[in-house]
Amino acid sequence: MTDLPGLRGRPATLAALLARHGARFVVVGSTARWLTTDTGSPGDLDVVVDASDLPLLAEALGAIGVPVDAAALARSSPTHVDTSWGPLDVFVAEPPPSRDVPFDAGDASTDLPVEKRPAEDA
């Protein structure tokens, strides 16, 4: 396996793994900022997921060894999930506008849907 990003990249690596397993979401918060500006040190992964996509997220989490039920994710928002890649906070709502940002994490490389910043719309 290729070297993965350091500690700062762990939340983005988690996002890439989930995306590669079919989850649909938009990355928001400090990980989104880190992916778009390379500033800060994200401590967790925050994602916004449409309620209809919760089963895909639950399946992707199960595929990386985190068994969770879609109904449990739907019961409260945000829902906190601990993973071996770090904490994940799931917000169930209509995802914000996003753009794809390339992320290279060796075997987990992918384009990640990241929340657009207001300046990007201009």
Side-chain angles (χ1 to χ4, degrees):
M1 182 171 196
T2 308
D3 288 340
L4 295 175
L7 229 40
R8 286 184 356 148
R10 288 178 69 83
T13 302
L14 172 59
L17 290 169
L18 293 173
R20 292 202 41 181
H21 283 286
R24 289 194 302 232
F25 53 83
V26 173
V27 177
V28 298
S30 60
T31 301
R33 184 174 44 256
W34 181 77
L35 284 164
T36 57
T37 67
D38 198 27
T39 60
S41 294
D44 68 350
L45 173 63
D46 297 326
V47 298
V48 178
V49 180
D50 187 271
S52 65
D53 290 325
L54 286 173
L56 294 172
L57 179 61
E59 288 176 28
L61 283 163
I64 64 166
V66 183
V68 65
D69 182 63
L73 292 173
R75 275 195 273 284
S76 64
S77 180
T79 300
H80 181 83
V81 179
D82 288 313
T83 77
S84 60
W85 289 99
L88 167 67
D89 291 326
V90 178
F91 297 85
V92 181
E94 182 177 333
S98 65
R99 69 178 176 103
D100 287 343
V101 174
F103 179 68
D104 184 13
D107 289 345
S109 297
T110 192
D111 288 340
L112 293 172
V114 176
E115 179 180 29
K116 280 187 179 180
R117 299 167 53 120
E120 293 176 339
D121 287 331

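No hydrogens, no waters, no symmetry mates; every other heavy atom, side chains included, goes into these values.
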Enquirer: Hey, which of Leu18, Leu14, Val81 is the one that makes side chain to side chain contact (heavy atoms under 4.5 Å, CB included) with Val66?
Expert: Val81
Enquirer: Under a 3.5 Å distance rule, please check whether Arg20 uses its side chain to pair with a backbone N or O of Ala60 as donor and acceptor.
Expert: no
Enquirer: Taking only residues two or more places apart in sequence, or in another chain, which ones meet Thr39 in a side-chain hydrogen bond (donor to acceptor under 3.5 Å, both in side chains)?
Expert: Thr37
Enquirer: Locate the shortest heavy-atom distance separating His21 from Ala63; write the atom from each residue and the value.
Expert: ND1-CB, 3.4 Å
Enquirer: Ignoring hydrogens, what is the shortest heavy-atom contact between Ala19 and Leu112? Give both atom names and the distance.
Expert: CB-CD2, 4.2 Å
Enquirer: Please report the interatomic distance CG(Leu45) to CH2(Trp85), rounded to the nearest 0.5 Å.
Expert: 12.5 Å
Enquirer: Connecting only ILVMFWY residues whose side-chain heavy atoms lie within less than 4.5 Å of each other, what is the rest of Val28's hydrophobic cluster?
Expert: Val26, Val48, Phe91
Enquirer: For residues Asp111 and Pro102, determine if any side-chain heavy atom of one lies less than 4.5 Å from a side-chain heavy atom of the other.
Expert: yes
Enquirer: Excluding sequence neighbours, so at least two apart, what forms side chain to side chain contact (heavy atoms under 4.5 Å, CB included) with Ser41?
Expert: Arg8
Enquirer: Using the test side-chain hydrogen bond (donor to acceptor under 3.5 Å, both in side chains), find all partners of Asp50 that sit at least two apart in sequence or belong to another chain.
Expert: Ser52
Enquirer: How would you list all residue pairs meeting salt bridge (Lys or Arg N to Asp or Glu O under 4.0 Å) that involve residues 56-83, not counting sequence neighbours?
Expert: none
Enquirer: Return the minimal non-hydrogen interatomic distance between Pro42 and Pro11, and the atom names on each side.
Expert: O-CG, 3.8 Å
Enquirer: For Ala70, enumerate each residue passing the side chain to side chain contact (heavy atoms under 4.5 Å, CB included) test, keeping only those at least two apart in sequence or located in another chain.
Expert: Leu54, Pro55, Ala58
Enquirer: Which atoms form the tightest heavy-atom contact between Glu115 and Gly29, and what is the distance?
Expert: OE1-N, 4.4 Å
Enquirer: Contact between Leu61 and Pro67 at the side-chain level, heavy atoms closer than 4.5 Å - yes or no?
Expert: no
Enquirer: Only counting residues at least two apart or in another chain, list the ones meeting salt bridge (charged side-chain N to carboxylate O under 4.0 Å, His left out) with Arg24.
Expert: Asp53
Enquirer: Can you give me the closest heavy-atom contact between Ala72 and Thr79, atom names plus distance?
Expert: O-OG1, 4.2 Å
Enquirer: Quick one: list whatever passes side-chain hydrogen bond (donor to acceptor under 3.5 Å, both in side chains) with Asp89, sequence neighbours left out.
Expert: His80
Enquirer: With the 4.5 Å side-chain cut-off for hydrophobic clustering, are Ile64 and Val47 part of the same group?
Expert: yes
Enquirer: Do you know which two heavy atoms are closest between Ala15 and Phe25, and how far apart they sit?
Expert: O-CZ, 3.4 Å
